[in-house]
Amino acid sequence: MKVLFASSEMYPYSKSGGLGDVAHSLPLALREVCDITPVTPLYRFIDRKKFGLHSSGRVYMLKMGSKTYRYELIQAKESDTLFVYNDILCETEALYGYDNDGLRFGLFSRMVAEIAKKIQADIVHLNDWHTALAALFLKAESIKTVLTIHNLAYQGLFDKKVLKKLAIDKKYFTMESLEFYGKANFLKAGIAYSDRITTVSPSYAKEILTVRFGCGLDGFLTKHRRKLTGILNGIDTVCFDPEHDRALYANFSANHVGKKAANKKAYYKNLGVKERKKPLFIFIGRLVEQKGISVIAASLKDLSAEPLEFVMLGEGEAETEKKLSELSEKYGNIHYLKGYDEALSRQLYAAADFLLMPSLFEPCGLNQMIAARYGAVPIVHATGGLKDSVFEEKKKCIRGIVFESYSNKSCLHAVRRALALYGDEKACLKIAEFDMQCDVSFRKSAKAYMKLYKEMTA
Ligand code: ADP
């Protein structure tokens with residue numbers, strides 16, 4: 001079985017969040033069981049030299065309406081990943097956020113559809129709105145398509161003028177197809193035309209059928225619900241491995257979880273914290289409402305009065321960044337680190353006793369899995385993938401602290417329970433040790449995807 005796996009971002013080449021991680025680790029796990037080719041754009045900021053990506057001479061022309069677009073296919077020597085280079089798509093400083101994103105990713109979706117035909121794929125696995133249009137472009141082909149929704153809040157909404165540029169017939173601008181309140185909705189096209197739809201946790205698959213979490217597409221998804229399944233993500237446990245992670249001050253494993261303490265000690269020294277016994281709580285993520293940022297902001301005053309250190313790493317809305325910077329100036333034990341820093345995030349997971357993840361909604365969430373792997377006990381709001389992966393019950397993976405209602409009161413209560421747990425050093429260490437041994441790899445999810453692929457081609 002031949003699968004083409006398309007994603008707008010792919011670690012280690014490009015990543016803005018969980019999609020980049022998954023687009024790296026899921027094909028890696030699937031490679032064991034099927035013939036899979038990941039495909040992603042070769043953005044200008046990707047270091048061609050470092051990854052051994054040289055011009056291939058495989059240049060193709062894509063005619064769309066009155067225009068012809070040139071693209072090149074490039075492959076690294078020791079990797080199966082296929083890179084697409086087209087100047088409109090790839091000559092940007094960042095991944096997203098440009099006026100012509102509709103054209104950029106519409107083009108990428110067209111190219112993905114062309115590549116699928118060229119390599120005679122049986123299945124094309126699409127991810128999020130950036131590649132969703134390929135389902136429409138492949139509608140008349142025998143190639144099957146599956147669309148994974150990593151976050152329904154991002155749908156790729158554009159002025160309908162983009163359809164002409166992408167040579168998409170006006171007949172598709174209807175409510176049953178890609179029209180959405182007068183705009184073109186790329187994700188909606190994927191929902192309408194892909195053979196199967198998956199989302200990244202079973203709970204989120206149910207939640208997106210409700211008005212509260214459906215982002216305006218709950219009715220449309222309900223119509224297509226027979227195609228929908230939820231498969232929980234995993235992480236690349238080789239890449240996220242505290243025993244060998246070079247970014248850490250001290251490596252450690254579940255068998256020697258005590259060694260983890262050296263990471264906190266080093267980090268506290270760096271931070272100027274004298275009371276080394278204090279528990280370290282961390283938050284890592286995009287500073288958006290989804291991640292529970294208003295609950296965190298509203299809790300900071302109370303948290304500052306507790307015997308803990310709280311470090312937040314992230315970037316996002318300018319106003320939130322400013323507010324967090326001000327509050328971290330005001331409260332000595334609250335620290336806000338602005339930015340996106342992969343190595344620092346790993347050092348934080350290794351140093352932390354607890355990860356705070358009070359997301360308003362969370363399709364899957366990877367941070368709680370990374371935290372478990374690094375022996376930081378997750379504290380989560382019971383929603384989406386967090387509900388499916390963190391449990392209070394003994395012997396259930398991952399063990400953590402779960403709070404039901406989305407409020408700063410519940411969040412604070414959960415933090416205080418964590419502090420009580422921390423008071424019992426042995427019990428706390430036991431949970432960290434247990435979590436480090438939980439199977440958070442992509443093994444189980446890859447099996448579920450393979451089953452789905454088989455059903456699709458049966
Ligand atoms: P998202 O909704 O952003 O995709 P996920 O939990 O699925 O959230 O994945 C987030 C990924 O991005 C994790 O690997 C996390 O460690 C990483 N990450 C998020 N923000 C930062 C940051 N500021 N610095 C480093 N890594 C980050």
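The first residue of the sequence shown is numbered 1, and numbering continues consecutively from there. Keep in mind that what you see is a predicted model, and the values were worked out from it rather than measured. Just follow the structure's listing: the first ligand is 1, and inside any ligand the first atom is 1.
- Sorted by first then second residue, the ring pair (Phe, Tyr, Trp, His ring centres under 6.0 Å) pairs that include residues 335-383, not counting sequence neighbours, are F281-F354, H381-F403, H381-Y406.
- Inter-residue side-chain proximity for T383 and L360 is flagged as unmet; no heavy-atom pair is nearer than 4.5 Å.
- Put simply, the side chain of D35 does not reach to within 4.5 Å of the side chain of V3, judged on heavy atoms.
- Within the structure, disulfide bond (SG atoms under 2.5 Å apart) pairs that include any residue of residues 221-271 do not occur (at least two apart or interchain).
- Note that R110 lies outside the cation-pi zone of F105, set by a 6.0 Å cut-off to the ring centre and a 45° limit from the axis.
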Exercise answer, ligand 1 polar atom pairs (N/O) under 3.5 angstrom:
| from | atom 1 | to | atom 2 | distance (Å) |
| --- | --- | --- | --- | --- |
| ligand 1 | 2 (O) | R286 | NH2 | 2.8 |
| ligand 1 | 2 (O) | K291 | NZ | 2.9 |
| ligand 1 | 3 (O) | R286 | NE | 2.8 |
| ligand 1 | 4 (O) | G18 | N | 2.6 |
| ligand 1 | 6 (O) | L366 | N | 2.9 |
| ligand 1 | 6 (O) | N367 | OD1 | 2.9 |
| ligand 1 | 8 (O) | K291 | NZ | 3.0 |
| ligand 1 | 9 (O) | G18 | N | 3.2 |
| ligand 1 | 14 (O) | K15 | NZ | 3.2 |
| ligand 1 | 14 (O) | D21 | OD2 | 2.7 |
| ligand 1 | 16 (O) | Y349 | OH | 2.9 |
| ligand 1 | 23 (N) | G339 | O | 2.9 |
| ligand 1 | 24 (N) | D341 | N | 3.0 |

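- With sequence neighbours left out, E306 forms a salt bridge (charged side-chain N to carboxylate O under 4.0 Å, His left out) with R416.
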